[in-house]
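Quick note on labels: first sequence line is chain A, next is B, and so on, each numbered from 1. Just so it is clear, the structure is predicted and the values come from calculations on it, not from any experiment.
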Protein chains: 2
Amino acid sequence: MTAESPSQKGGTVGKAMEVLDCVARFGTPVRFSQILEVSRFPKPTLYRLVRTLADLGMLDHDADKDTYMPGRRLLKLAHVAWAQFSLASIARPHIDRLGQQVSETIHLAQLDQGQVLYLDKRNARDPVEMYSQAGKVGPTYCTGVGKAMLAFLTPEEQERVIALQSFHRFTPHTLVTPEALRARLETIRTQGYALDEEEHETGIICIAMPVLNGSGRVLGSVSITDTVLRTTWAALKEKLPLLRETVERIGHDAQDWHYPGI
Amino acid sequence: MTAESPSQKGGTVGKAMEVLDCVARFGTPVRFSQILEVSRFPKPTLYRLVRTLADLGMLDHDADKDTYMPGRRLLKLAHVAWAQFSLASIARPHIDRLGQQVSETIHLAQLDQGQVLYLDKRNARDPVEMYSQAGKVGPTYCTGVGKAMLAFLTPEEQERVIALQSFHRFTPHTLVTPEALRARLETIRTQGYALDEEEHETGIICIAMPVLNGSGRVLGSVSITDTVLRTTWAALKEKLPLLRETVERIGHDAQDWHYPGI
DNA sequence: ATTTTAGTTTCATTATTTGAGACTAAATGA
DNA sequence: TCATTTAGTCTCAAATAATGAAACTAAAAT
């Protein structure tokens with residue numbers, strides 16, 4: 001039994017999902033030939049997969065322009081996924097509350113295969129483009145939400161996630177080595193919160209805290225974000241008590257919710 | 001070649017998607033045996049399908065409780081679907097704008113297989129639980145957004161959609177016959193907007209207008225909703241000019257966007 | 001201790017998927 | 001205009017994967 005890379009799972013269903021990913025990765029409606037270029041399947045095989053997915057509503061086919069894009073059926077399925085995504089629904093009232101208390105942008109995130117998966121976003125000032133955020137993934141090593149979670153994992157989990165990081169330098173402040181990251185995580189663990197000091201985007205700073213359940217297990221994290229133009233570190237850090245209260249309440253409500261793996 | 005019911009598409013991928021639907025329909029994490037009860041597949045077949053979907057991340061498996069729910073991979077795919085769902089993204093700035101102008105709840109919807117598919121929701125008062133709404137489906141014959149679209153379809157399309165309606169009586173005001181609905185649609189077409197007079201939920205009323213492109217084709221619809229306790233018909237109808245402006249702008253921007261079918 | 005239930009595995013059979021190649025239609029170019 | 005390229009579609013024998021009756025295991029219920 002040979003280990004298979006996750007992107008090359010055997011089985012017809014796996015291949016179909018691979019095609020779905022290909023189409024999604026474009027981020028814009030694509031023609032069949034464009035999918036063909038990036039996929040590993042021969043033409044007739046890919047053709048049938050694409051047609052099957054379109055028939056099933058997993059891809060939407062624009063007959064006019066003859067292009068494909070991720071389908072509406074996904075929207076419906078994701079609607080349910082979202083509603084059941086326990087941390088998102090458990091956290092919602094608390095995120096709502098925090099949103100009323102602060103004027104900055106709030107994120108709720110979770111770890112997913114070493115990456116940050118955003119579950120919720122609030123922006124009291126100008127609502128809201130949430131779908132554009134929930135479901136989005138981002139880097140773990142250079143975001144507040146990511147580091148907050150990372151710092152509170154067990155050492156083994158932490159190393160496993162660190163091994164998955166790309167350490168791309170987004171800004172001059174990005175931590176680009178595992179060593180630098182580990183040192184920072186130590187600090188975060190001690191002080192109980194993480195900062196994003198313009199490590200991902202210049203001008204964007206945030207404070208973040210992990211959501212822990214009773215046994216100290218990391219369930220997710222919450223952050224408060226602003227720009228260096230609109231706030232100062234002192235002002236932002238004043239929100240720490242509100243943030244602490246929020247993550248504690250979420251952690252309490254999520255007591256018996258089992259985190260579905262990293 | 002025999003016509004196949006859409007729920008019984010041959011092919012392994014179709015079967016897998018059927019299982020995904022089964023799981024989603026529960027709306028809560030389910031055990032394998034529960035899926036078995038509602039699915040048409042024999043035990044080992046279903047077992048393999050479920051495991052395959054879980055391996056692929058389309059289902060999330062909670063190892064503790066041994067339950068399955070729609071997976072996180074769906075969230076990521078839906079994120080892209082949403083972003084590309086042209087009407088949603090084209091409409092966003094206009095929906096934002098309307099949201100700043102009125103304090104009521106706003107919906108953006110589209111027709112999907114005879115049902116209303118909600119694409120966006122805004123609520124200026126308390127933002128916003130959007131994922132919980134976008135992707136949701138509802139009835140066409142007894143909602144403002146639904147009737148607004150229905151009224152402006154071609155007669156053939158209209159009949160096709162009417163034939164798909166269940167005409168369940170949700171409230172004493174629900175129109176429960178095709179005849180009553182057709183008469184109402186006539187009025188809506190004449191006056192250019194639809195009302196929901198507590199036809200779906202008691203106490204909930206709304207005004208809705210279709211989004212039409214230059215050639216009069218129905219692309220979607222937008223509604224402004226409130227409760228009978230907070231508003232009156234007179235007050236609500238005062239928002240009609242704002243609503244008209246919104247749908248016109250969306251229709252204008254969506255000029256060359258081709259609606260992906262009913 | 002026995003029975004029931006839920007989940008898992010096996011394997012010969014069956015059905016689907018596969019993909020090289022051929023074909024068509026439409027666009028491009030000479 | 002007619003040749004040529006390109007994008008999309010179809011065919012069918014061969015290769016592969018899915019199937020499901022039956023058997024098995026583990027754990028819970030009696």
Side-chain angles (χ1 to χ4, degrees), chain A residues 1-23 26 28-69 71 258 260-261, chain B residues 1-23 26 28-69 71 258 260-261:
Chain A
M1 194 222 236
T2 49
E4 285 170 2
S5 103
S7 57
Q8 295 199 11
K9 282 266 164 57
T12 318
V13 182
K15 289 173 199 167
M17 298 306 111
E18 214 177 310
V19 172
L20 221 45
D21 277 343
C22 277
V23 175
F26 276 93
T28 167
V30 278
R31 316 195 108 255
F32 170 71
S33 52
Q34 297 177 274
I35 312 173
L36 184 59
E37 275 169 26
V38 300
S39 103
R40 64 190 179 94
F41 303 112
K43 192 153 78 154
T45 303
L46 182 69
Y47 182 68
R48 251 174 300 104
L49 285 171
V50 167
R51 293 297 292 262
T52 303
L53 287 168
D55 282 351
L56 294 168
M58 302 297 284
L59 287 177
D60 270 351
H61 181 224
D62 181 335
D64 258 22
K65 298 178 190 154
D66 202 4
T67 55
Y68 299 87
M69 60 177 174
H258 183 69
Chain B
M1 196 221 233
T2 49
E4 286 172 1
S5 104
S7 57
Q8 295 200 8
K9 282 262 164 59
T12 317
V13 182
K15 290 173 201 169
M17 297 307 111
E18 215 178 306
V19 172
L20 222 45
D21 277 343
C22 276
V23 175
F26 276 93
T28 166
V30 278
R31 318 198 104 250
F32 170 70
S33 52
Q34 298 177 273
I35 312 172
L36 184 59
E37 276 168 25
V38 300
S39 102
R40 65 191 178 92
F41 305 111
K43 193 153 78 155
T45 302
L46 181 69
Y47 183 68
R48 249 173 302 105
L49 285 171
V50 168
R51 293 295 292 261
T52 302
L53 288 167
D55 281 352
L56 293 168
M58 302 297 284
L59 286 177
D60 270 351
H61 181 223
D62 180 335
D64 258 22
K65 298 178 191 157
D66 203 2
T67 56
Y68 299 88
M69 60 177 176
H258 182 71

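Listed by chain and residue number, B:S33, B:Q34, B:D66, B:T67 satisfy the side-chain contact (heavy atoms from CB on, under 4.5 Å) test with B:R31 (two or more places apart in sequence, or in another chain).
The interatomic distance linking B:R40 (CZ) with D:dG20 (C1') rounds to 14 Å, in whole Å. We find that CZ of A:F41 is positioned 8 Å from P of C:dT18, with the value rounded to whole Å. In this structure, A:K15 places its NZ atom 11 Å from C1' of D:dA15, rounding to the nearest Å. For the pair B:D55 CG and D:dA18 C1', the interatomic distance rounds to 16 Å; values are reported in whole Å. Rounded to whole Å, the distance from CG on A:L46 to C1' on C:dT18 is 13 Å. A straight line from CD of A:E37 to P of D:dT6 spans 12 Å, rounded to a whole angstrom.
Note that the two end axes of the helix from C:dA1-D:dT30 to C:dA30-D:dT1 enclose an angle of 30°, each drawn from 5 base pairs, rounded to 10 degrees.
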Enumerate all atom pairs, one protein N or O and one N or O from nucleotides 4-10 of chain C, separated by less than 3.5 Å.
{"residue": "C:dA6", "atom": "O3'", "partner": "B:R31", "partner atom": "NH1", "Å": "3.3"}
{"residue": "C:dG7", "atom": "OP1", "partner": "B:R31", "partner atom": "NH1", "Å": "2.4"}
{"residue": "C:dG7", "atom": "OP2", "partner": "B:S33", "partner atom": "N", "Å": "3.0"}
{"residue": "C:dG7", "atom": "OP2", "partner": "B:S33", "partner atom": "OG", "Å": "3.2"}
{"residue": "C:dG7", "atom": "N7", "partner": "B:K43", "partner atom": "NZ", "Å": "2.9"}
{"residue": "C:dG7", "atom": "O6", "partner": "B:K43", "partner atom": "NZ", "Å": "3.2"}
{"residue": "C:dT8", "atom": "OP2", "partner": "B:Y47", "partner atom": "OH", "Å": "2.9"}
{"residue": "C:dT8", "atom": "O5'", "partner": "B:Y47", "partner atom": "OH", "Å": "2.5"}

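A close approach under 4.0 Å does occur between a side-chain nitrogen or oxygen of B:T45 and OP1 or OP2 of D:dG20. For C:dT17, one of the phosphate oxygens OP1 or OP2 lies less than 4.0 angstrom from a side-chain nitrogen or oxygen of B:T12.
A:R51 is listed as a side-chain neighbour of A:Y68, based on a closest heavy-atom distance under 4.5 Å.
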